[in-house]
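What follows is one structure encoded as structure tokens, with my remarks underneath.
Letters go in sequence order (proteins before strands), and every chain restarts at 1.
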Amino acid sequence: MKQSQVRTRFAPSPTGFLHVGGLRTALYNYLFAKQNGGLFILRIEDTDRARLVEGAEQNILETLRIFGLDFDEGPIRQSDNLERYRQCAKELVAEGAAYGDNGAIRFRIIEDGATKFTDIIHGEIEIKNKTQEDFIILKSDGFPTYNLAHLVDDHDMAITHVIRGDEFISSMPKYIALHKAFGWELPQYAHLPLLLNKNRAKLSKREGDTAVKDFLDDGYLKEAILNFVALLGWHPSKSDREIFSLEDLIKAFKLEDVQKAGAIFDMTKLDWMNGEYIRRKSPRELLELAKPYSPTWVSDTQVGVGHHLDLEKIIALEQPRLKKLSELPGRTDYFFKEPEYDAVLLKWKQISDAEIKKSLETSKQILKSISDKNFGKENLEKIFLEKAGNLPAGKAGDRGELLWPLRVALTGKKASPGPFEIMEILGQKKAISRVESAISMLK
RNA sequence: GGCCCUAUCGUCUAGCCUGGUUAGGACACCACGCUUUCAAUGUGGGAACACGGGUUCGAAUCCCGUUGGGGCCA
């Protein structure tokens, strides 16, 4: 009848950078603990010395910190606890549940019958004991195996709910037998479906691009990654909601609503979600976030002191188009250097070179006639559209004939924001000189 | 190969427990509107209950089997 406080743990091996599957496991553990007023604990499972990767532990800690998955206890390292595992192994040998085998210690499996347990996500599971065999709990080098160490720690740390990947289900008879041998109470188990790659195979760190750090470096916002990962294998029942902050998730998440089947990690939706979060930022916030993506953004010196506002304007222009921050330099390069492009790009529909030239000359005339103070986008738009005869798109002599060559002259791109907004930022002098360059290309 | 898990649009999924829905949403895709282009945005569209048996007046939903996928062990 005891009502003990919920304690969950995330127990990664520092064998590589934290990947998206690990982040999800950590998140679910965190959410479950927090929504129950419990504690979330971090344990580093570093007993497999051969597979340790330098920097991995630090990356795991750093990544959890970035996502706000703050742990209440830890990090606890298994390598600090070796004596305890050895004692436990000896204890099992002493009572006959385990035996020595070439310097290692093996736990004895009784092959009769079946082991039954209840999983929070999967429900009742029954596994025949003869599918198991005696397994090593302490290696000859004196280090414990996962089978022993994780279980001793979960007990010592009073973990109430073990939330981990599906791949451990088939070993459950081992863990249950071990608990019995120790005379320990079983925690509750929730086995999460695996994250799969496009080929439907288990997502692995070796395939690359699954490290959370890579996504962060690529300009995915932490809110978007977290939200996206939360939705892989979980969805609120009877709700269509998709956008969740960490706080929202604590309220809405239900372990029982976690999917049983594996989910394919498909970045297409992540791209959309990242765009959603990008659009929710203010240009100022976005500017801060974008600074790492190009030397241009780092300091104002390259675009001239006092142009901070312009940078914000540039960001604001791209904000609705951006899927990830790393796209920014490529999309905005024409603000910082003269565009390079092929003259054929200036051609609007089927018009002749002479007509393009005439169009550009018209733009040049207009630009020269405007005073510097009236170079705002609204005014520019008004004047240009009047000149274009205010004909709607598609009509003979439509706006495109005037505006397309102008826009290309300014950007050198076949896709970009509109010319008026661009010119407002670029200023009259540069706008005119770019139109002139375009004209000279047609000679 | 043995064991275990699993199965709704291309993808993430709601619905399943407590049988009766035009099987809902989102991403992606397509079309249209807006528009100089690309986005953003609005409207609309195509798109799924793996298969076979039962039970039942009625099955995505309950039961059995098959097949597919995945995991663990070897």
Side-chain angles (χ1 to χ4, degrees), chain A residues 109 111 114-117 119 121-133 135 146-147 165-174 191-204 227-243 256-276 278-279 316-323 327 331 345-349 351 359 363 381 384-385 388 391-395 397-422:
Chain A
I109 286 287
E111 299 196 349
T115 299
K116 234 189 214 175
F117 67 100
D119 183 277
I121 293 164
H122 294 274
E124 293 261 298
I125 295 175
E126 183 175 330
I127 300 173
K128 296 182 190 75
N129 289 336
K130 66 175 180 211
T131 63
Q132 311 289 318
E133 49 189 40
F135 59 98
Y146 171 82
N147 293 335
D166 248 355
E167 68 263 35
F168 296 106
I169 288 184
S170 40
S171 300
M172 281 298 288
K174 291 185 175 73
H191 285 97
L192 270 19
L194 263 15
L195 254 32
L196 312 173
N197 61 25
K198 285 184 200 74
N199 304 320
R200 300 200 154 273
K202 182 174 162 182
L203 208 59
S204 78
N227 195 155
F228 177 68
V229 147
L231 255 23
L232 287 175
W234 172 81
H235 191 273
S237 66
K238 296 173 187 174
S239 163
D240 288 336
R241 186 170 175 194
E242 302 221 89
I243 300 295
E256 295 78 15
D257 289 341
V258 171
Q259 213 68 225
K260 291 177 185 165
I264 294 176
F265 184 82
D266 177 12
M267 310 233 314
T268 317
K269 194 160 183 174
L270 173 60
D271 281 347
W272 164 77
M273 192 166 273
N274 204 46
E276 282 289 304
I278 283 175
R279 273 170 247 130
L317 271 194
E318 284 299 333
Q319 194 164 8
R321 291 160 237 265
L322 226 44
K323 283 195 164 38
E327 295 172 346
R331 285 176 171 281
L345 195 57
L346 292 163
K347 194 180 174 83
W348 169 249
K349 292 184 178 168
I351 65 176
S359 160
S363 289
E381 181 167 4
F384 269 87
L385 292 190
L391 290 168
K395 288 277 168 58
D398 67 45
R399 298 167 176 181
E401 186 169 334
L402 181 63
L403 299 181
W404 172 273
L406 169 63
R407 197 188 55 72
V408 171
L410 294 167
T411 64
K413 292 183 192 302
K414 65 171 182 255
S416 79
F420 312 119
E421 305 160 290
I422 291 171

One should read off an interatomic distance between A:Ile169 CD1 and A:Met172 CE, to the nearest 0.5 angstrom, of 8.5 Å

Quick one, A:Phe265 and A:Phe228 - any side-chain contact, counting heavy atoms below 4.5 Å? yes

Can you see which heavy atom on A:Leu194 is nearest to which on A:Glu167, and at what distance? CD1-OE1, 3.1 Å

If only atom types and distance count, is the side chain of A:Trp404 paired as donor or acceptor with the main-chain N or O of A:Lys414 below 3.5 Å? no

Nearest 0.5 Å please: distance from the CD1 atom of A:Ile243 over to the CD atom of A:Glu276. 5.0 Å

When the distance from CD of A:Glu318 to C1' of B:A39 is rounded to whole Å, what number comes out? 9 Å

Reckon A:Pro193 touches a base, only the sugar-phosphate, or nothing at all at heavy-atom distances under 4.0 Å? nothing

Separation of B:A39 P from A:Lys414 NZ (nearest whole Å): 11 Å

What distance, rounded to whole Å, do you find between the two P atoms, one in B:G70 and one in B:U11? 14 Å

Is it the case that the side chain of A:Asn227 and the backbone of A:Glu242 share a donor-acceptor pair, with hydrogens and angles ignored and the cut-off at 3.5 Å? yes

4.5 Å side-chain heavy-atom contact, A:Leu403 and A:Trp348: no

Between B:G70 (P) and A:Leu196 (CG): distance, integer Å: 8 Å

Report, as a single string ordered 5' to 3', how protein heavy atoms within less than 4.0 Å touch nucleotides 6-17 of chain B: B base, S sugar-phosphate only, - not at all. SS---SBSSS--

Restricting to side-chain contact (heavy atoms from CB on, under 4.5 Å), what partner residues turn up for A:Glu421, sequence neighbours left out? A:Leu317, A:Lys377, A:Pro417

Mind listing the N/O atom pairs, protein and nucleotides 2-4 of chain B, below 3.5 Å?
from: B:C4; atom 1: OP1; to: A:Lys128; atom 2: NZ; distance (Å): 3.2

Whole angstroms only, please: what is the NZ-C1' distance between A:Lys413 and B:U36? 17 Å

Mind checking who B:G10 pairs with, Watson-Crick or G-U wobble, both distances under 3.5 Å? B:C27

Contacts of A:Thr411 meeting side-chain contact (heavy atoms from CB on, under 4.5 Å) (sequence neighbours excluded), chain-then-number -> A:Tyr334, A:Arg407, A:Lys413, A:Ser416, A:Ile422

If I pick the C1' atom on B:A50 and the same atom on B:U61, what distance separates them, to the nearest angstrom? 16 Å

Rounded to whole angstrom, note down the C1' distance from B:A26 over to B:A47. 14 Å

Pairing partner of B:C16 (Watson-Crick or G-U wobble, both distances under 3.5 Å): none

Tell me what A:Pro417 touches on the nucleic acid: a base, only sugar-phosphate, or nothing, going by heavy atoms under 4.0 Å. base

Paired to B:C72 by Watson-Crick or G-U wobble criteria (both distances under 3.5 Å) is B:G2

Which residues pass the side-chain contact (heavy atoms from CB on, under 4.5 Å) test with A:Ser237, not counting sequence neighbours? A:Asp257

RNA chain B: 5'-proximal contact among A:Glu167 and A:Gly418 (nearest heavy atom): A:Gly418

In whole angstrom, give the distance that lies between atom CZ of A:Arg407 and atom P of B:U35. 17 Å

Distance, nearest 0.5 Å, that separates CZ of A:Phe117 from CD of A:Glu126: 10.5 Å

Can you check the distance between B:A60 and B:G24, where both ends of the measurement are the C1' atom (answer in whole Å)? 13 Å

Determine the Euclidean distance between corresponding P atoms of B:C57 and B:G52; express it in Å to zero decimal places. 22 Å

Using Watson-Crick geometry (N1-N3 plus N6-O4 or O6-N4) or G-U wobble (N1-O2, O6-N3), each under 3.5 Å, B:A50 is paired with B:U66

Counterpart base for B:A39, defined by Watson-Crick or G-U wobble contacts under 3.5 Å: none

Using the C1' atom as the reference point in each nucleotide, state the distance between B:U35 and B:G45 in Å, no decimals. 22 Å

Evaluate the side-chain proximity of A:Pro193 to A:Val258: yes if any heavy-atom separation is below 4.5 Å, no if none is. yes

Taking the P atom of each, how far is B:A31 from B:C38, in whole Å? 12 Å

Between B:U35 atom P and A:Leu402 atom CG, what is the distance in whole Å? 16 Å

Protein N or O to nucleotides 40-51 of chain B N or O, pairs below 3.5 Å:
from: B:A40; atom 1: O4'; to: A:Pro320; atom 2: O; distance (Å): 3.4

Any strand counts, and the cut-off is 3.5 Å on both contacts for Watson-Crick or G-U wobble. Which nucleotide pairs with B:U22? none

Specify the separation, in whole Å, of atom CD of A:Glu381 and atom C1' of B:U37. 14 Å

Roughly how many Å apart are B:C9 and B:C3, using the P atom of each and rounding to a whole number? 28 Å

Any donor-acceptor pair under 3.5 Å linking the side chain of A:Glu111 with the backbone of A:Glu133? no

Could you check how far CG of A:Leu194 sits from P of B:C72, rounded to whole Å? 7 Å

Would you mind telling me which of B:C5, B:C72, B:U35 lies closest to the side-chain atoms of A:Ser171? B:C72

Give me the atom names and distance for the closest heavy-atom approach of A:His191 to A:Asp119. ND1-OD2, 2.7 Å

